[in-house]
Every structure is written in C-alpha cells, then in structure tokens.
There are 2 protein chains.
Amino acid sequence: MNSPGGPERTGFLLSQLGSFAAARFAELVKPLGLTPAMAGALRILARSPGLSQRALADRLGAVPSRVVVLVDALEAAGFVSRTRDPEDRRHHRLDLTDAGRAAMGRLRGAAEQQNADLLAPLDAEERAALGTLVSRLAVAHGIDPDVHRGFADHPESR
Amino acid sequence: MNSPGGPERTGFLLSQLGSFAAARFAELVKPLGLTPAMAGALRILARSPGLSQRALADRLGAVPSRVVVLVDALEAAGFVSRTRDPEDRRHHRLDLTDAGRAAMGRLRGAAEQQNADLLAPLDAEERAALGTLVSRLAVAHGIDPDVHRGFADHPESR
DNA sequence: TATTGTTATACTCTATAACTATA
DNA sequence: TATAGTTATAGAGTATAACAATA
C-alpha cells in the first residue's frame, strides 16, 4: 500500500539529506577558514561574550579537552581571544576579535547559501511546509540548536 | 518577514535532524552486531549476490582498502562469505550467509523502527507530506540510496 | 579539596601507497 | 602490464586520564 518513495523511507532519506546538507555547509565555511565545529563554537561565543571554556564545553556538549583544541584553532585563526579572568584566574574569558565578528557575518551568509542550495528544488510554498515539519520534528526530539551535531557527537552510536 | 523558525533555518535543522536520525539508526543496528557502514554493505550484497569487492567499493563510493576492512568485519560476524571466483582467481565473490540473511531481516525491522521513532511526532498526513518533500530533495540532489553517507564520506568537506 | 584548563595518550575511522597474486 | 585484493602507514577527530594552576 505504500509507494516506493513513501513515508517508510523518510527516516533513511532524512539521514542522507542531513549529511548532504552538512557537507555543503562544511564546503561553504572552509574558504572562511572554519570547520563546522569552529563555526558552531563561534556562533555561541558571538551571543555569549566572555564565556569560559568550561561553559562553552557544556553548551557544546563536549569535553573540556575538546574545547581546548577548538579554541586553539579559533585563536590561531585570529577569530577568538583568550583572556585570563582577573576575578578568578582559573577562567579564560573567550571573546570574538574584530576578525571573528567579520567571520560571523560571512558565516551567516554561508548558512543562507547552504539553505538556498538545499531548498532550490522546492517552490516557496513547499519550503514553508518543509520548514514547519522539520521544525516540529526538531523541537519534538529535543534537538538543541547550539549543538552542531556530527555522527561522532553521539556517544550512544558507538 | 521570516518567522524565527522559518524556512531560512531549514537547512540547518535538516543537518541536525539527519544526524539525529543517523544516530538513532546506529543505536538500533548495534545490538544486531552491525555498524551503519556494515549495514549499508549488507543491503547492497543482499540485492547483488556474488559481487566482487571492487564492485562493492564502486557502489559504496569507497576505496578498495576500506572495503577490505568492511568485509573483514562482516565475515568475522558471520554475515558474509568470501569465495575465490574460479573463473578469475583474483576476484572474491561476496555472498550473504544464512546468518547474513537473518541479519538483513532484523535490519529492515530496525529501519522501520528508526522511521517510526523519527516520525512519531507527526500525523499520517504530515508524514506523507514530509516524505514527498524529502524524496523530491533527495532526487534533485542526486542522493544515491546505496551510499550510506556519513560526514566523513565527503572528501570535499575536509 | 574542588575547579579550570592543559597535556599525554589512545582509539576509531578512513585514506594513500606499496605490495602480492593472478591474469 | 593491468587488475583484485591486502597490508602498512599516516592523518583527522575526539575521548579518557593525569597533571598544573588557582581557588
């Protein structure tokens, strides 16, 4: 009773499509000197200046040692600065540099581009319908917009 | 003019949701003794008995050395048999064992389960609508149902 | 003692390149 | 020479555990 492209294949196709979308995003941010993981961290720091590495780790759902590497990369790229917090010298305040803010702007452009590329085959009405459904699913499954998930981000998948 | 959950976030949410779906699938096939990569290879071999490793590599979009590891795992699990092709002794014929066929049955069940879990928040009509849209996008973007994509499957993303 | 951040180490996944055997 | 498969090796990504500085 189900067609070959019917709803029973949706989960599978969604996996594939999600991976495709993520790959396209990675491609678009690469020229900006960013990996998807760096982009995710940058987005959080843009909204929460002065965050500690520990707090960033919690937001990302990552371990502190992972954040060291991530912040190392962002600092080396000149997008983020580490400053010892004078109040509690154990903390590092993380802030976007001017270059980091500029990168954020280009990052938003890349996200728009990815979205446009992905949805190009659909008309406005269909995009709206898909957006609503996808958003409903994301909310229902408790998907946190801060965590830029990769396959490897799921401990239970190993 | 766009709502906060509007279409401009769809690409991002689709990445997240796809990753979520893939993680759920990995979780479901783990008790079967399969990784997602093994499951993908098993599905191809179920439809194409006697395939050579080279042909499997082409279907998977993987390099031959990767397929060695994959087939090693499937053989060790008792799901696939390697037989030297008497016609051309350079080739290995790959075939599902009885246990492999049994695993395929359970694999189909896992895929149905994943789909049901993922789409649980939607009613029948919404599922159908989502299925149609997702299927349209997959076709338009040339997504090959044989290739079980992971982030790492995209050379251009590095 | 507890917490923040770092380093050392190891493990998984996958690719490239060199190699073996067959043709 | 060319092809199928294998092995050796290396790199990326990320986790765990030990550690240093600070509280």
Side-chain angles (χ1 to χ4, degrees), chain A residues 19 22-23 26 29-30 34-41 45 50-76 80-95 147-158, chain B residues 19 22-23 26 29-30 34-41 45 50-76 80-95 147-158:
Chain A
S19 173
V29 299
K30 195 174 185 175
L34 291 170
T35 62
M38 286 164 76
L45 293 177
L51 217 58
S52 73
Q53 289 187 198
R54 177 59 187 201
L56 179 58
D58 289 345
R59 292 267 203 112
L60 286 170
V63 294
S65 66
R66 169 79 187 113
V67 173
V68 172
V69 179
L70 211 49
V71 174
D72 279 352
L74 287 167
E75 200 180 29
V80 163
S81 66
R82 273 180 173 111
T83 323
R84 279 216 176 273
D85 185 341
E87 307 273 314
D88 182 339
R89 289 178 47 76
R90 286 175 305 183
H91 291 75
H92 277 166
R93 287 179 48 91
L94 301 174
D95 291 282
V147 181
H148 217 157
R149 282 168 178 265
F151 286 146
D153 291 338
H154 303 276
E156 73 278 23
S157 73
R158 270 176 246 141
Chain B
S19 173
V29 298
K30 194 174 186 178
L34 292 169
T35 62
M38 286 165 75
L45 294 177
L51 216 60
S52 72
Q53 289 187 200
R54 177 59 184 199
L56 178 58
D58 290 344
R59 291 268 202 109
L60 287 169
V63 294
S65 65
R66 168 82 188 108
V67 173
V68 171
V69 179
L70 212 49
V71 175
D72 279 352
L74 287 167
E75 201 181 28
V80 163
S81 67
R82 274 181 172 111
T83 323
R84 278 215 178 276
D85 185 340
E87 307 273 314
D88 182 339
R89 291 179 44 76
R90 288 174 303 184
H91 290 75
H92 278 165
R93 287 179 48 89
L94 301 175
D95 291 282
V147 182
H148 218 158
R149 284 167 177 264
F151 286 147
D153 291 338
H154 303 275
E156 72 277 23
S157 72
R158 271 174 246 145

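Just so we're on the same page: letters track the sequence lines, and every chain starts at 1.
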Over how many whole Å does the gap from B:Leu60 atom CG to C:dC13 atom P extend?
-> 16 Å
Distance, nearest 0.5 Å, that separates CZ of A:Arg90 from CD of A:Glu87 = 12.5 Å
B:Asp72 CG to C:dT12 P: how many Å, rounded?
-> 16 Å
side-chain hydrogen bond (donor to acceptor under 3.5 Å, both in side chains) filter on A:Asp72, not counting sequence neighbours, yields A:Arg82
Contacts of B:Asp85 that satisfy salt bridge (Lys or Arg N to Asp or Glu O under 4.0 Å) - sequence neighbours left out | none
What is the per-nucleotide protein-contact pattern of nucleotides 16-23 of chain D, from the 5' end, where B denotes a base atom under 4.0 Å from a protein heavy atom, S denotes such proximity for sugar-phosphate atoms only, and - denotes neither?
-> BB----BS
When the distance from CG of B:Leu56 to P of D:dT6 is rounded to whole Å, what number comes out?
-> 12 Å
How close or far is atom C1' of D:dG5 from atom CZ of B:Arg93, stated in whole angstroms?
-> 17 Å
Nearest-nucleotide pick for B:Val68, side chain only, options being C:dT6, D:dT7, C:dT4 | D:dT7
Are any of the side-chain heavy atoms of A:Leu56 and A:Leu70 separated by less than 4.5 Å?
-> no
Bend angle of the helix from C:dT1-D:dA23 to C:dA23-D:dT1, from helix axes over five pairs at each end, nearest 10° = 30°
In chain order, what residues pass the salt bridge (Lys or Arg N to Asp or Glu O under 4.0 Å) check against B:Arg84, with sequence neighbours excluded?
-> none
Euclidean distance, atom CZ of residue B:Arg82 to atom C1' of D:dG5 [Å, nearest integer] | 8 Å
Those residues that, when tested against B:Val63, pass side chain to side chain contact (heavy atoms under 4.5 Å, CB included) (two or more places apart) = B:Ser65, B:Arg66
Listed partners of B:Arg54 passing side-chain hydrogen bond (donor to acceptor under 3.5 Å, both in side chains), at least two apart = none
Can you tell me how far CG of A:Leu74 sits from CG of A:Leu94, rounded to the nearest 0.5 angstrom?
-> 9.0 Å
Let me know the distance between NE2 of A:His92 and P of C:dT4, rounded to the nearest Å.
-> 13 Å
OP1 or OP2 of D:dT3 sitting under 4.0 Å from any side-chain N/O of B:Gln53?
-> no
Starting from C1' on C:dA21, measure out to CZ on B:Arg54 and report it in whole angstrom.
-> 16 Å
What is the distance from CE of A:Met38 to C1' of D:dA12, rounded to the nearest Å?
-> 14 Å
To the nearest 0.5 Å, atom CZ of A:Arg93 lies from atom CG of A:Asp88 at 12.5 Å
